[in-house]
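All heavy atoms count here, side chains included; hydrogens, waters and symmetry mates do not. Chain letters run A, B, ... following the sequence lines, proteins first, then strands; residues in each count from 1.
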Amino acid sequence: MTDLENRIREALMDSRRQLPTWPDPMHRIRRSVRRQRVRLAVATTLPAVAVMAAAIPAVNWTLGQASGARPAAPTVYAAYDRGNCSCGEVIPVNTATNKAGKPIRTGFGFQIAIRPDGKTAYVLNPSAFTVVPVSTATNTAGKPIPVGRSGIDSPSFIAITPDGKTVYVANTGRHTVVPVSTATNTAGKPIPVGSGPQAIAITPDGKTAYVVSYPTSGNGPATVTPISTATNTVGKPIRVGFGSFEIAITPDGKTAYAYSGSTVTPVSTATNTAGTPIHLHGNFGEGAIAINPDGKTLYALTINPDTVVPVSTATNTAGTPIRVHLLPSGITGFAAEAASQFTITPDGKTAYLLTGGDSVIPISTVTNTAGKTIQFGSDCRSQAQVHPNISLAITPDGKTAYVACESAVIPISTATNTPGRPIPVPLGDPDTIAITP
Amino acid sequence: MAREDEFAEFVADALPGLLRFGHVLTGNAREAEDLVQTALGRSLRAWRLRRIDDPRAFVRRVMVNSYASWYRRHGGREWLTASPPGHARSGDPAQYVDDRDVVWRALQVLPAGQRAVVVLRYYEDLSEAQIAAVMGTSTGTVKSQTARALKRLANVLDPAEVGREMQQRSGT
């Protein structure tokens with residue numbers, strides 16, 4: 001060992017260096033895993049909601065107006081963590097004025113599902129094993145609904161039926177899905193599903209919830225379990241591509257697609273049988289899928305290589321991958337790569353790919369090409385570090401995309417693809433964002 | 001016991017070491033946290049999928065790969081430091097800086113691949129073959145990366161020392 005080598009060793013071993021402490025490491029890690037998943041949740045539920053709104057706008061609108069509870073303009077709900085703890089709050093932003101309202105004390109907001117009539121936002125708090133109903137009329141949190149109790153429980157995904165009557169929560173650790181009645185705000189009997197439920201997609205007619213699971217131990221196959229929403233009983237689990245963790249259903253309700261980051265497996269909802277998996281080239285367990293509201297194309301984001309692959313739902317074949325740069329140069333932050341999310345506008349013409357960096361890439365679904373990257377300002381990063389948890393949602397009219405950043409919510413005009421004036425919010429770690437219909 | 005509980009136990013036990021490893025690897029406390037969080041997130045996914053025999057080694061491997069692949073993909077940018085490395089052993093006592101700080105700063109100028117090799121060699125005490133296994137490369141590459149890193153460090157720390165270091169090494 002030379003003198004230089006000894007000096008290197010001493011410098012590396014230097015015990016004076018201060019180490020950070022993580023008061024609740026599992027909370028932090030779950031957030032990091034979930035990030036990959038919830039991005040997807042937003043990406044898959046949002047177009048579905050948008051499609052539904054387009055199909056039955058009159059019904060939704062009448063319900064809302066008759067009750068008088070629905071605000072004239074949609075409200076953005078952005079969940080933030082306060083520091084490295086299991087606490088947190090949801091910030092409402094009025095889309096008419098672009099002003100933030102008083103923070104709503106919900107606790108950690110992992111994911112938000114909003115009733116199609118817009119009256120209630122359900123906030124999933126996996127740290128407290130609860131779902132917190134938030135009245136959108138008063139922007140106040142109701143009594144938390146327990147959906148689990150102990151460390152074995154891990155509520156990880158929330159979905160709501162199109163009629164707004166039932167919220168389904170996947171409990172990954174218990175291999176169950178917990179139904180919550182929105183009429184009584186109580187949890188029903190857990191429904192056993194395939195080992196390790198990861199995500200839920202509900203058919204547009206509201207009759208069936210499809211749950212994608214991959215086993216929490218061993219090397220078993222991933223499965224999709226259909227649940228009849230009328231009886232909360234399950235059908236036979238359907239084998240899908242290894243490691244599938246995400247699911248989306250076409251607007252016509254005929255096909256559910258399970259995604260593993262490397263394969264897309266079509267499942268016929270008529271026969272509940274899986275077709276041949278479509279092979280892509282990304283890493284297992286990463287990426288996202290979203291289905292165009294026109295139902296013709298599924299878009300899969302793959303990580304390594306970073307591409308968006310259009311998949312024809314008619315032929316179940318993959319088209320030419322569109323190369324994307326998920327991290328703009330000069331940005332640091334490893335977590336950023338896992339943060340990517342994409343969301344399609346209700347008109348189906350543009351997919352917004354939120355990079356792990358401080359930017360959004362608009363992708364034309366008409367020409368299947370990536371447009372000019374939309375850059376945000378310093379609200380989305382601190383000390384040149386990207387915030388790994390930034391989140392994006394699009395208004396039902398498709399005119400504005402809202403991005404939750406560290407110290408502001410940023411509106412982006414989808415017509416010009418330019419960011420508007422940042423809406424300041426109290427500094428925090430963004431977790432998720434959702435918009436009322 | 002549920003698998004996630006096992007993972008939580010492992011994390012509680014291994015976290016300080018992983019953060020320290022992340023710190024020496026990236027040279028930056030904040031980046032270290034980012035890297036550890038990402039690596040543990042990816043490892044938790046893998047943990048749910050299958051049994052991992054040596055989770056500590058697994059996580060470190062994910063960290064090294066995430067670090068190196070991120071670096072590769074983003075243009076091989078060098079990390080700039082606030083102050084350039086000084087010459088600790090030649091300064092007068094009034095300007096004396098702890099040699100460990102000087103070397104630490106010098107390490108920041110190494111490209112990620114070379115830095116990872118140096119950290120695995122001198123911090124983790126791995127053999128060239130083990131380093132090659134962790135980084136998914138050949139022992140030849142590990143050898144050349146190490147030599148390049150040492151030469152560069154010597155150059156940065158004290159250009160006059162380069163010749164001597166090289167002689168010393170080839171003599172051992």
*Report the C-alpha distance between Tyr122(B) and Met13(A) in whole Å, list the side-chain angles of each, state the deciding distance to 0.1 Å, and finish with yes or no for side-chain contact (heavy atoms from CB on, under 4.5 Å).*
CA-CA 9 Å; Tyr122(B) 300 108; Met13(A) 297 289 180; over 6 Å; no

*So with a 6.0 Å cut-off around CZ of Arg239(A), is the heavy-atom count from everything else above 12?*
no

Can you measure from [atom1] ([X]) to [atom2] ([Y]) and round to the nearest 0.5 angstrom?
X         : Y         : atom1 : atom2 : answer
Glu124(B) : Leu12(A)  : CD    : CG    : 10.0 Å
Ile8(A)   : Leu150(B) : CD1   : CG    : 5.0 Å
Leu157(B) : Arg7(A)   : CG    : CZ    : 5.0 Å
Leu40(B)  : Trp22(A)  : CG    : CH2   : 6.0 Å
Asp14(A)  : Arg20(B)  : CG    : CZ    : 8.0 Å

*What part of Leu15(B) gets closer than 4.5 Å to chain A, counting heavy atoms only: side chain, backbone, both or neither?*
side chain

